[in-house]
Amino acid sequence: MHALNLQAKPLSLADRLADLAVDALIDEADLSPKPALVDRRGNGAHTDLHLGLMHASALSLWPAFKEMAEAAVEIGDVDSTLREAIGRIGREGEQSMLATTNGVNTHRGAIWALGLLVTAAALEPQSSSANAVSLRAARLALLDDRYAPKPLSHGAQVALRYGARGAREEAQLGFPSVLQRGLPQLKRSRANGHGEQNARLDALLAIMTDLADTCVLYRAGEEGLHAMQSGAQAVLDAGGSASLSGRRRLHELDQQLIALNASPGGAADLLAATLLLDRIERDGILQGAF
Ligand SMILES: CC(C)(COP(=O)(O)OP(=O)(O)OC[C@H]1O[C@@H](n2cnc3c(N)ncnc32)[C@H](O[C@H]2O[C@H](COP(=O)(O)OP(=O)(O)OP(=O)(O)O)[C@@H](O)[C@H]2O)[C@@H]1O)[C@@H](O)C(=O)NCCC(=O)NCCS
Ligand SMILES: Nc1ncnc2[nH]cnc12
C-alpha cells in the first residue's frame with residue numbers, strides 16, 4: 001500500500017481553460033520589448049502599472065474564467081441566459097482585478113475578449129479551431145445583456161469623438177484583428193524560423209497596424225493612432241523583430257509612443273487572445289481534462 005498518492009488529479013475542462021487564459025495573459029505581459037507597454041524592461045507609457053501588478057491581476061482573474069467556462073457547460077447554448085451569466089461574472093472579475101490592483105485598470109479589455117473566448121471554447125470543446133471558437137464568441141457578444149451598466153467609458157468617449165469602433169465591435173465581428181492579423185503573422189514568423197518571442201512580437205505588431213485601439217485614441221488622439229499603426233507596419237516592412245533593421249525600428253516606435261503617451265493596451269489584450277486561440281487550436285482543450 002502506498003502512503004502517498006502522487007498521481008495528479010485530472011483537471012476539469014473549466015480548470016484547463018482558466019489555466020490557458022491566465023497563461024496567455026502572463027505570456028503577453030512578459031513578452032519584451034513591447035512598444036510603450038508594460039514588459040520585463042519596465043512600465044512603458046504607464047505610471048501606475050508594473051509587471052508584478054500585471055501578473056497579480058492575471059492570476060486574480062482565474063476564478064472568473066473558470067466560472068465562465070462552467071456556465072457555458074451548464075447552460076450549453078449561445079443564448080441570453082449565458083450572455084447575462086458571463087456579463088455578471090465578468091463584472092465580478094473586474095471587481096477582483098480592481099481589488100488586486102488598488103483600482104488600476106489592468107485587464108478590462110482582456111476580461112471581455114478572453115472571457116468570451118473561454119466561454120465559446122467550453123461550449124463545444126470538440127470544435128476548437130480558432131475560427132469556430134471566435135465565431136461562437138461573436139454570437140455571444142452580439143447578444144444584449146439587460147444588466148450591463150452603460151458608463152461613459154474611455155471607449156465610449158472615443159467612439160463619440162472619433163467614431164472609432166472598439167472592443168465590443170472587435171468581438172462582435174469575430175475578432176478580425178486576431179484571425180486576420182495576429183494569428184497569421186504568428187504562424188508566418190514561426191515558419192520563417194524567427195523564434196517564439198520574435199513571432200509573438202510580430203503578431204502584436206501585425207495587430208497594431210490596423211487596430212482602432214481606444215486606449216491609444218483616448219490618450220493620444222488620431223496622431224497617436226497613426227503613429228502606432230504606421231510605426232508597427234514599418235517594423236514589419238523592415239523585416240520584423242527578428243531582423244536588425246526591424247529591431248531598430250521597434251525601438252524607435254517604443255520611444256515615439258512613450259513620448260506621445262500612447263499605450264496600445266487594446267492591442268496587448270488582442271495578442272493575449274491570439275496566444276489563447278493558438279494554444280487551444282494546437283493542443284486542444286480536452287487533453288488532460290475530463
Ligand atoms: C464591452 C466592454 C469591452 C466595454 O467596452 P468600452 O469600449 O465601453 O470600455 P473601456 O472601458 O474603454 O474598455 C475597453 C477595453 O478594451 C481594450 N481595447 C481597446 N481598444 C480595443 C479594440 N479596438 N479592440 C479590442 N480591445 C480593445 C482596452 O483594454 C486595455 O486597456 C486597458 C486600459 O485602458 P484605459 O482604462 O482606457 O486605461 P488608461 O488610459 O491607462 O487609463 P488612465 O490611466 O488614463 O485612467 C487595459 O485594461 C487593457 O485591458 C480597453 O480599455 C466590456 O469591458 C464590458 O462591457 N464589460 C462589462 C462586463 C461584461 O459584460 N463582460 C462580459 C464577460 S466576457
Ligand atoms: N502589457 C500591458 N501593458 C499595458 N497595458 C496593458 N493592458 C494589457 N496588457 C498590457
Side-chain angles (χ1 to χ4, degrees), residues 21 24-32 34-51 53-55 57-58 61 64-65 67-69 71-72 82-95 97-98 101 103-120 137 140-141 143-145 147-160 164-173 175-178 204 207-208 210-220 224-225 228 261-273:
L25 292 180
I26 290 181
D27 285 349
E28 177 276 302
D30 285 347
L31 184 67
S32 309
K34 295 190 300 286
L37 289 161
V38 175
D39 64 15
R40 285 189 185 281
R41 301 166 307 152
N43 305 342
H46 294 269
T47 50
D48 53 1
L49 292 181
H50 56 81
L51 190 57
L53 204 63
M54 299 305 294
H55 283 190
S57 167
L61 296 174
F65 290 133
E67 223 189 303
M68 288 185 204
L82 181 57
R83 173 67 189 89
E84 288 176 354
I86 63 165
R88 175 187 55 75
I89 301 164
R91 288 189 289 279
E92 287 168 5
E94 280 180 20
Q95 291 313 310
M97 169 191 85
L98 293 172
T101 63
V104 181
N105 174 9
T106 36
H107 281 124
R108 180 153 203 250
I111 298 172
W112 168 249
L114 275 68
L116 285 165
L117 292 171
V118 159
T119 308
L140 266 171
L143 293 171
D144 191 36
D145 174 1
Y147 306 103
K150 309 245 181 304
L152 194 56
S153 62
H154 289 177
Q157 291 175 50
V158 156
L160 286 173
R165 293 201 306 233
R168 187 186 309 279
E169 290 78 5
E170 174 71 21
Q172 289 176 339
L173 291 169
F175 297 99
S177 302
V178 174
L204 172 67
I207 292 168
M208 287 165 62
D210 198 42
L211 188 72
D213 192 316
T214 59
C215 301
V216 172
L217 277 168
Y218 183 80
R219 285 165 156 250
L225 191 71
M228 175 190 88
N261 192 33
S263 164
D269 291 336
L270 292 172
L271 174 66

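Heavy-atom basis, side chains included; hydrogens, waters and symmetry copies ignored. Numbering of ligands and ligand atoms starts at 1, following listing order.
Between Y218 and ligand 1, a contact under 3.5 Å exists for no N or O pair. Considering both main-chain and side-chain atoms, T214 comes within under 3.5 Å of ligand 1 through a nitrogen or oxygen pair. Some N or O of G109 is nearer than 3.5 Å to an N or O of ligand 1, by distance alone. By the 3.5 Å distance cut-off applied to N or O atoms, A212 is counted among the residues near ligand 1. An N or O contact shorter than 3.5 Å links G155 to ligand 1 by distance. Taking any N or O of R91, backbone or side chain, none lies under 3.5 Å from an N or O belonging to ligand 1. Residue contacts with ligand 1: H107 is placed with a nitrogen or oxygen under 3.5 Å of a nitrogen or oxygen of the ligand (distance criterion only).
At the shortest separation from atom 8 (C) of ligand 2 among protein heavy atoms lies D269 OD1, 3.3 Å. Annotation: atom 18 (N) of ligand 1 to nearest protein heavy atom, G266 CA, 3.4 Å. Protein heavy atom nearest atom 56 (O) of ligand 1, with residue, atom name and distance: R168 NH2, 4.2 Å. When hydrogens are left out, the protein atom nearest atom 38 (O) of ligand 1 is H154 ND1, 4.1 Å; that is the closest non-hydrogen contact. Of all protein heavy atoms, the one closest to atom 62 (N) of ligand 1 is W112 CE3, 3.9 Å. Annotation: atom 9 (N) of ligand 2 to nearest protein heavy atom, E28 OE1, 2.9 Å. Ranking protein heavy atoms by distance to atom 7 (N) of ligand 2, first place goes to T106 O, 3.4 Å. The protein atom (non-hydrogen) at minimum distance from atom 29 (O) of ligand 1 is D269 OD2, 2.9 Å. The protein atom (non-hydrogen) at minimum distance from atom 55 (C) of ligand 1 is R108 NH2, 3.9 Å. For atom 41 (O) of ligand 1, the closest non-hydrogen atom on the protein side is R219 NH2, 3.0 Å. For atom 3 (N) of ligand 2, the nearest non-hydrogen atom of the protein is V38 N, 3.0 Å. With respect to atom 44 (O) of ligand 1, the closest heavy atom belonging to the protein is D48 OD2, 3.8 Å.
Put simply, the side chain of Q157 gets close to the backbone of L152: a donor and an acceptor are under 3.5 Å apart. Under a 3.5 Å cut-off, the side chain of K34 and the backbone N or O of E28 do form a donor-acceptor pair. In terms of modelled atom types and a separation under 3.5 Å, the side chain of N261 and the main chain of R219 share no donor-acceptor contact.
Residues L25 and S57 fail the side-chain proximity criterion, which asks for heavy atoms closer than 4.5 Å. Contact annotation: the side chain of T106 never approaches that of V38 to less than 4.5 Å [non-hydrogen atoms, C-beta and beyond]. Contact annotation: the side chain of L49 approaches that of M54 to within less than 4.5 Å [non-hydrogen atoms, C-beta and beyond]. Using a 4.5 Å cut-off on side-chain heavy atoms (C-beta onward), R83 and D144 make no contact. Between L116 and M68 there is no side-chain heavy-atom pair separated by less than 4.5 Å. Side chains of L211 and E170 form a contact here, defined as non-hydrogen atoms less than 4.5 Å apart. For the pair D30 and H55, the minimum side-chain heavy-atom distance is below 4.5 Å.
Close approach of ligand 1 to I86 is summarised as follows: ligand atoms under 4.0 Å from at least one heavy atom of the residue are 63 (C), 64 (C). Counting atoms of ligand 1 from 1 in the listed order, those under 4.0 Å from a heavy atom of A110 are 50 (O). Using a 4.0 Å cut-off to heavy atoms of L116, the atoms of ligand 1 that qualify are 65 (S). Close approach of ligand 1 to T106 (heavy-atom distance below 4.0 Å) involves ligand atoms 47 (C), 48 (O), 49 (C), 50 (O). For ligand 2, the atoms sitting less than 4.0 Å from at least one non-hydrogen atom of M54 are 2 (C), 6 (C), 8 (C), 9 (N), 10 (C), numbered in the order shown with element in parentheses. Numbered from 1 in the order shown, with element, the atoms of ligand 2 that lie under 4.0 Å from a heavy atom of H46 read 4 (C), 5 (N). Set against the non-hydrogen atoms of R83, the atoms of ligand 1 under 4.0 Å away are 61 (O). Heavy-atom contacts of C215 reach the following atoms of ligand 1: 28 (C), 30 (C), 31 (O), 32 (C), 33 (C), 34 (O), 51 (C), 52 (O) (cutoff under 4.0 Å). For ligand 2 and A268, the ligand atoms under 4.0 Å from any heavy atom of the residue are 8 (C), 9 (N), 10 (C). Listed by number with element, the atoms of ligand 1 under 4.0 Å from a non-hydrogen atom of D213 are 19 (C), 20 (N). Near K34, meaning under 4.0 Å from one of its heavy atoms, ligand 2 places the atoms 1 (N). Close contacts between ligand 1 and G87 involve ligand atoms 59 (C), 60 (C), 61 (O) [criterion: under 4.0 Å to a heavy atom].
Under the 4.0 angstrom criterion for non-hydrogen atoms, E84 is not in contact with ligand 1. Residue contact annotation: D39 has no non-hydrogen atom under 4.0 Å from ligand 2. Look at A148 and you'll find every heavy atom at least 4.0 Å from all atoms of ligand 1. The closest approach between a heavy atom of E94 and any atom of ligand 1 is below 4.0 Å.
Residues R40 and S32 come closest through the heavy atom pair N-OG, 2.9 Å.
Rounding to the nearest 0.5 Å gives a distance of 9.5 Å between OG of S177 and CG of D213. Rounded to the nearest 0.5 angstrom, L271 CG and D27 CG are separated by 9.0 Å. Of the inter-residue distances, the one linking L31 atom CG with I26 atom CD1 reads 13.5 Å to the nearest 0.5 angstrom. Taken to the nearest 0.5 Å, the SG atom of C215 stands 7.5 Å off from the CG atom of N105.
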Kindly determine whether R88 and E92 satisfy salt bridge (Lys or Arg N to Asp or Glu O under 4.0 Å), including the steps that lead there.
CA-CA 6 Å; R88 175 187 55 75; E92 287 168 5; 3.2 Å; yes

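By the 6.0 Å contact criterion, CZ on R91 is enclosed, its count of non-hydrogen atoms from other residues, nucleotides or ligands being greater than 12. A 6.0 Å sphere centred on CZ of R41 holds more than 12 heavy atoms belonging to other residues, nucleotides or ligands.
Atom 32 (C) of ligand 1 has its nearest heavy-atom neighbour, among L217, I111, N105, in N105. When A167, G90, S153 are checked for heavy-atom proximity to atom 26 (N) of ligand 1, A167 turns out nearest.
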